[in-house]
Novice: 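Structure below; questions to follow.
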Amino acid sequence: MTDFGLLGKNISYSFSESYFKIKFEDENIKDTSYKNFDIKSIAEFPSILKNNANLKGLNVTIPYKEAVIPFLDKIDKKAEKIGAVNTIKITKKGKLKGYNTDFYGFKKSLKPFLKSHHKRALILGTGGASKAVAFSLKRLDIPYTFVSREASKKKAPLTYNSLTEDILSTHEIIINCTPLGTFPDIDHCPNIPYKAITEKHILFDLIYNPEETLFLKKGKQQKATTINGYEMLKLQAEKSWKIWNS
């Protein structure tokens with residue numbers, strides 16, 4: 001039996017488990033399972049490895065994409081540059097190597113929607129996922145600015161309270177990397193001046209459950225192009241699968 005899984009906190013909403021179960025059935029992949037490892041603290045991670053001898057790979061989600069790094073034996077160059085890991089390969093010798101497939105999934109799902117006027121981006125949130133988004137935007141030659149609850153020269157020069165309609169009008173791509181609006185808290189969204197959004201904007205939400213978050217609904221009301229995180233999830237999941245089986 002070969003086991004894979006998702007490491008995270010409060011992840012009952014996650015589609016990864018059902019996504020891989022369907023994949024295994026559709027592709028007739030035998031003796032393979034995928035399950036959620038829902039832990040309250042990253043300190044519980046070693047016990048998961050100890051109690052699951054058949055574990056060959058893991059996806060990592062909020063809030064452990066950065067916290068898991070000290071537990072790894074090696075880290076891929078791209079993941080090291082990003083500073084976050086969302087995929088772990090467990091070798092035959094039991095060594096843990098970290099990768100980041102989020103940046104690949106994000107870049108590939110955003111690219112088809114880009115037009116010449118999409119020149120600058122706002123990244124809402126400063127967690128592990130936002131780092132992969134920033135890495136992707138850099139590769140697409142799109143300048144970006146982080147937005148957070150508290151200002152920081154290095155991390156996030158802008159706060160939600162300092163966002164003006166002028167700032168939004170000159171940043172045509174807005175990416176929600178926060179968990180705000182994730183099921184079951186579907187009545188929440190980032191606090192930004194949505195009135196400044198136009199049909200020239202792209203609103204990208206990394207959340208995929210619900211399919212249309214309040215953030216995306218508000219963008220659609222302003223005639224913006226809206227994208228949820230499902231395509232990104234599929235792309236990064238398939239990339240993870242290739243890594244585990246390489």
Novice: Any carboxylate oxygen within less than 4.0 angstrom of a Lys/Arg side-chain nitrogen, looking at E25 and K21?
Specialist: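 Salt bridge absent between E25 and K21.
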Novice: When you measure from the side chain of N228 to the backbone of Y208, do you find a donor-acceptor pair of N or O atoms at a distance under 3.5 Å?
Specialist: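 No, N228 side chain to Y208 backbone: no donor-acceptor pair under 3.5 Å.
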Novice: How about Y34 and N59: do any of their side-chain heavy atoms sit closer than 4.5 Å?
Specialist: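 Yes. Closest side-chain heavy atoms under 4.5 Å.
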Novice: Of all heavy-atom pairs between A224 and I197, which one has the smallest distance, and what is that distance?
Specialist: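 A224 and I197 have their closest heavy atoms at CB-CG2, 3.6 Å.
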Novice: Walk me through whether K56 and T91 qualify under side chain to side chain donor-acceptor pair (under 3.5 Å).
Specialist: CA-CA 7 Å; K56 297 295 176 239; T91 68; over 6 Å; no
Novice: Any chance you could measure I174, atom CD1, to L203, atom CG, to the nearest 0.5 Å?
Specialist: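 Nearest 0.5 Å value for the CD1-CG distance: 5.0 Å.
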Novice: Does any non-hydrogen side-chain atom of T170 lie less than 4.5 Å from one of D166?
Specialist: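 No, too far: nothing below the 4.5 Å cut-off.
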Novice: Check the hydrophobic clustering (I, L, V, M, F, W, Y; side-chain heavy atoms under 4.5 Å; chains of links allowed) and say if I243 and V85 are grouped together.
Specialist: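 Cluster IDs for I243 and V85 differ.
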Novice: Using side-chain contact (heavy atoms from CB on, under 4.5 Å) as the criterion, point out the one residue from V60, I48, N51 that pairs with F37.
Specialist: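 So the option named by the test is I48.
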Novice: Between the main-chain N or O of L168 and the side-chain N or O of H171, is there a donor-acceptor pair closer than 3.5 Å?
Specialist: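 Answer holds: no.
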Novice: Which heavy atom in I142 sits nearest to a heavy atom in K119, and how many Å separate them?
Specialist: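 Heavy-atom minimum between the residues: CG2-O, 3.7 Å.
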Novice: To the nearest 0.5 angstrom, please state how far the CG atom of N245 sits from the CZ atom of F4.
Specialist: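 If we round to the nearest 0.5 Å, N245:CG and F4:CZ are 5.5 Å apart.
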Novice: When rounded to the nearest 0.5 angstrom, what distance separates OG1 in T61 from NZ in K9?
Specialist: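 Taking OG1 in T61 and NZ in K9, the distance rounds to 13.0 Å.
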Novice: May I have the step-by-step check of ring-ring contact (aromatic ring centres under 6.0 Å, His included) for F106 and Y104, ending in yes or no?
Specialist: CA-CA 6 Å; F106 174 76; Y104 167 83; over 10 Å; no
Novice: Specify whether F20 and W244 have parallel, tilted or perpendicular ring planes, treating 30° as the upper limit for parallel and 60° as the lower limit for perpendicular.
Specialist: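 If you compare the ring of F20 with that of W244, the planes turn out tilted.
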Novice: Has the side chain of D185 got a donor or acceptor atom that lies under 3.5 Å from a matching backbone atom of G181?
Specialist: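 Flag not set: sc D185 to bb G181 has no pair under 3.5 Å.
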Novice: Give me the atom names and distance for the closest heavy-atom approach of L114 to I173.
Specialist: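 Minimum heavy-atom separation between L114 and I173: CD2-CD1, 3.7 Å.
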Novice: Looking at side-chain heavy atoms only, is the closest gap between N36 and S12 below 4.5 Å?
Specialist: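 No, their side chains stay 4.5 Å or more apart.
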Novice: Does K234 come within less than 4.0 Å of E231, counting only side-chain N to carboxylate O?
Specialist: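 Salt bridge between K234 and E231, a charged N being under 4.0 Å from a carboxylate O: yes.
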Novice: Answer yes or no: is there a side-chain heavy-atom contact under 4.5 Å between L206 and N176?
Specialist: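 In short, these two side chains do not touch, never coming nearer than 4.5 Å.
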Novice: Are any side-chain N or O atoms of S240 and backbone N or O atoms of Q236, one a donor and one an acceptor, separated by less than 3.5 Å?
Specialist: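 Answer holds: yes.
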Novice: Pair F215, I192 - check side chain to side chain contact (heavy atoms under 4.5 Å, CB included), show working.
Specialist: CA-CA 9 Å; F215 171 73; I192 63 172; 4.1 Å; yes
Novice: Is atom CD of E165 surrounded by more than 12 heavy atoms (other residues, nucleotides or ligands) closer than 6.0 Å?
Specialist: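 Atom CD in E165 is crowded, with more than 12 foreign heavy atoms closer than 6.0 Å.
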Novice: As an exercise, state the distance from OH of Y194 to SG of C189, rounded to the nearest 0.5 Å.
Specialist: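 One gets 3.5 Å once the value is rounded to the nearest 0.5 Å.
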Novice: Does Q222 reach the side chain of H201, with side-chain heavy atoms less than 4.5 Å apart?
Specialist: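 Heavy-atom side-chain distance check fails, nothing below 4.5 Å.
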Novice: Start with the C-alpha distance between K78 and Y99, add both sets of side-chain angles, then the distance that settles side chain to side chain contact (heavy atoms under 4.5 Å, CB included), and finish with yes or no.
Specialist: CA-CA 7 Å; K78 288 191 184 87; Y99 298 83; over 6 Å; no
Novice: Please give me the minimum heavy-atom distance between C177 and V133, naming the atom from each residue.
Specialist: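 It is SG-CG2, 3.8 Å.
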Novice: Could you see if I42 belongs to whatever hydrophobic cluster contains L49? Use Ile, Leu, Val, Met, Phe, Trp, Tyr and a side-chain cutoff under 4.5 Å.
Specialist: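 I42 and L49: one cluster.
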Novice: Heavy atoms, side chains only, cut-off 4.5 Å: are H188 and T213 in contact?
Specialist: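 Contact flag for H188/T213 side chains = no.
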Novice: To the nearest 0.5 angstrom, please state how far the CZ atom of R139 sits from the CG atom of D141.
Specialist: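 Rounded to the nearest 0.5 Å, the CZ-CG separation comes to 11.0 Å.
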Novice: Any luck finding a side-chain donor-acceptor pair between K30 and N28 under 3.5 Å?
Specialist: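 N28 and K30 do have a side-chain donor-acceptor pair below 3.5 Å.
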Novice: Is any side-chain heavy atom of T2 closer than 4.5 Å to one of N54?
Specialist: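 They are not in side-chain contact.
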Novice: Has K23 got more than 12 heavy atoms of other residues, nucleotides or ligands less than 6.0 Å from its NZ?
Specialist: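 It does: K23 NZ has more than 12 such atoms within range.
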Novice: Which one of K220, K218, K217 satisfies the salt bridge (charged side-chain N to carboxylate O under 4.0 Å, His left out) criterion with E212?
Specialist: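 Running salt bridge (charged side-chain N to carboxylate O under 4.0 Å, His left out) over K220, K218, K217 with E212 returns exactly one hit, K220.
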Novice: Would you mind telling me which of L124, V147, L137 makes a side-chain contact (heavy atoms from CB on, under 4.5 Å) with I175?
Specialist: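 It is L137, the one option of L124, V147, L137 that forms the side-chain contact (heavy atoms from CB on, under 4.5 Å) with I175.
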Novice: Regarding E238 and Y19, do their side chains bring together a donor and an acceptor under 3.5 Å, going by distance alone?
Specialist: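 On atom types as modelled, these side chains qualify, holding a pair under 3.5 Å.
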Novice: I'd like to check N100 versus F135 (side-chain heavy atoms, cut-off strictly below 4.5 Å). Are they in contact?
Specialist: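 No, every pair of side-chain atoms sits at 4.5 Å or beyond.
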Novice: Would a distance-only check, ignoring hydrogens and angles, find a side-chain to backbone donor-acceptor pair under 3.5 Å from S14 to I11?
Specialist: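 Absent.
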Novice: Under the 3.5 angstrom rule, does the side chain of S148 hit a backbone N or O of T126 as a donor-acceptor pair?
Specialist: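 Pair absent, no side-chain N/O of S148 close to backbone of T126.
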Novice: Parallel under 30°, tilted from 30 to 60°, perpendicular over 60°: which one fits the rings of F24 and W241?
Specialist: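 Correct class here is tilted.
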Novice: Going through the checks in order, is the side chain to side chain contact (heavy atoms under 4.5 Å, CB included) test met by K95 and I90?
Specialist: CA-CA 6 Å; K95 298 287 184 186; I90 302 168; over 6 Å; no
Novice: Minimum heavy-atom separation for P157 to T145, with atom names?
Specialist: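 The answer is CG-CG2, 3.6 Å.
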Novice: Just how far is it from atom CG of L110 to atom CG of L140, taken to the nearest 0.5 Å?
Specialist: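 Rounded to the nearest 0.5 Å, the CG-CG separation comes to 6.5 Å.
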Novice: Check whether any side-chain N or O of E44 sits under 3.5 Å from a backbone N or O of S41 as a donor-acceptor pair, and report yes or no.
Specialist: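 Checking the backbone N and O of S41 against the side chain of E44, a donor-acceptor pair under 3.5 Å is found.
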Novice: Consider only side-chain heavy atoms of I, L, V, M, F, W and Y, link residues closer than 4.5 Å, and tell whether F146 and I202 are in one cluster.
Specialist: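 Result: yes, single cluster for both.
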Novice: Going only through I, L, V, M, F, W and Y residues with side-chain contacts under 4.5 Å, is there a path from L55 to F45?
Specialist: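 Same hydrophobic cluster.
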Novice: Please answer: with hydrophobic residues joined when any side-chain heavy atoms are less than 4.5 Å apart, are I123 and I207 in the same cluster?
Specialist: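 Hydrophobic grouping puts I123 apart from I207.
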Novice: For residues P70 and E66, report the shortest heavy-atom separation together with the two atoms involved.
Specialist: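 Shortest heavy-atom separation between P70 and E66 comes out as CD-O, 3.9 Å.
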Novice: Output, in order, the C-alpha distance, side-chain angles, deciding distance and verdict of side chain to side chain contact (heavy atoms under 4.5 Å, CB included) for H118 and F113.
Specialist: CA-CA 9 Å; H118 293 127; F113 296 92; 5.9 Å; no
Novice: Is there a donor-acceptor contact under 3.5 Å from the side chain of N86 to the main chain of T101?
Specialist: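 Yes.
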Novice: Would you mind checking if D102 and K131 are paired as a salt bridge, meaning a charged N to carboxylate O distance below 4.0 Å?
Specialist: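 The answer is no: the pair does not qualify as a salt bridge.
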